[in-house]
Amino acid sequence: MVSRSVDRFLYVDRVIVAEAYRRHGIGRLLYAHLLERAGELGHTRVVCEVNLDPPNPVSDRFHAALGFVEVGRATIENGAKTVRYLAANL
C-alpha cells in the first residue's frame with residue numbers, strides 16, 4: 001500500500017482592485033489577510049493562476065514579491081489562453 005500526503009491548499013480564483021485604487025497597498029493587505037487566515041485554517045499553501053498568454057506582467061511582479069513561485073502551466077479556453085499556476089508556501 002502506498003501512502004500519500006495530501007497537500008491542503010487554498011485556491012484564489014480572482015482578486016481585482018479597481019484601477020483608481022491600485023498602487024495603494026489594497027492587494028497586499030488582502031493577500032496578507034488571506035495568507036494569515038489560510039495558515040490558521042491549516043492550509044500549507046495558497047495557489048492561484050496568472051495569465052501567461054495574454055501576459056499579465058503586473059500580476060507576475062505582484063505575486064513574485066509575495067513569494068509565489070510557478071508550479072505548473074496550462075493552456076485553457078480552447079487554446080485562447082495559457083496560464084501559470086503559482087503557489088506560496090505558508
Side-chain angles (χ1 to χ4, degrees):
M1 181 171 168
V2 176
S3 174
R4 293 186 181 203
S5 172
V6 177
D7 189 24
R8 285 188 45 102
F9 66 91
L10 186 140
Y11 181 82
V12 178
D13 185 52
R14 289 190 181 121
V15 174
I16 302 169
V17 176
E19 193 169 340
Y21 296 98
R22 292 181 188 159
R23 314 250 345 128
H24 294 280
I26 294 169
R28 282 189 182 275
L29 286 172
L30 288 169
Y31 265 82
H33 181 71
L34 171 75
L35 293 166
E36 180 180 340
R37 187 68 179 131
E40 291 170 356
L41 293 172
H43 297 288
T44 58
R45 61 183 166 163
V46 172
V47 179
C48 67
E49 70 181 54
V50 174
N51 287 353
L52 183 63
D53 183 25
N56 190 341
V58 173
S59 187
D60 286 334
R61 287 190 300 274
F62 174 80
H63 287 92
L66 294 176
F68 282 79
V69 296
E70 183 175 325
V71 294
R73 293 182 180 199
T75 299
I76 57 176
E77 297 179 11
N78 293 321
K81 191 159 113 170
T82 301
V83 298
R84 295 183 326 127
Y85 296 106
L86 306 176
N89 293 325
L90 302 177

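If you're wondering where the values come from, they're calculated on a predicted model, not measured in any experiment.
Remark: His24 NE2 is packed, more than 12 non-hydrogen atoms of other residues, nucleotides or ligands lying under 6.0 Å away.
Across all their heavy atoms, Pro54 and Ala80 have their closest contact at CD-O, 4.3 Å.
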Show me the donor-acceptor pairs, under 3.5 Å and distance only, between side chains in residues 10-19 and residues at least two apart or in other chains.
| unit_1 | atom_1 | unit_2 | atom_2 | d |
| --- | --- | --- | --- | --- |
| Tyr11 | OH | Glu49 | OE1 | 2.8 |

Show me, pair by pair, the donor-acceptor contacts under 3.5 angstrom made by side chains of residues 83-90, not counting sequence neighbours?
| unit_1 | atom_1 | unit_2 | atom_2 | d |
| --- | --- | --- | --- | --- |
| Arg84 | NH1 | Glu70 | OE1 | 2.9 |
| Arg84 | NH2 | Asp60 | OD1 | 3.0 |

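Under the 3.5 Å distance criterion, the side-chain polar atoms of Thr75 are left unmatched by any main-chain donor or acceptor of Thr82.
Sorted by first and then second residue, the pairs that involve residues 35-69 and meet ring pair (Phe, Tyr, Trp, His ring centres under 6.0 Å), not counting sequence neighbours, are Tyr31-Phe62, Tyr31-His63, Tyr31-Phe68, His63-Phe68.
Cluster membership check: Leu34 does not share its hydrophobic cluster with Leu41, using side-chain heavy-atom separations under 4.5 Å among Ile, Leu, Val, Met, Phe, Trp and Tyr. With hydrophobic clusters built from ILVMFWY side chains whose heavy atoms lie under 4.5 angstrom apart, Leu66 shares a cluster with Leu30.
Residue Arg45 holds its CZ atom at 13.5 Å from CG of Leu35, rounded to the nearest 0.5 Å.
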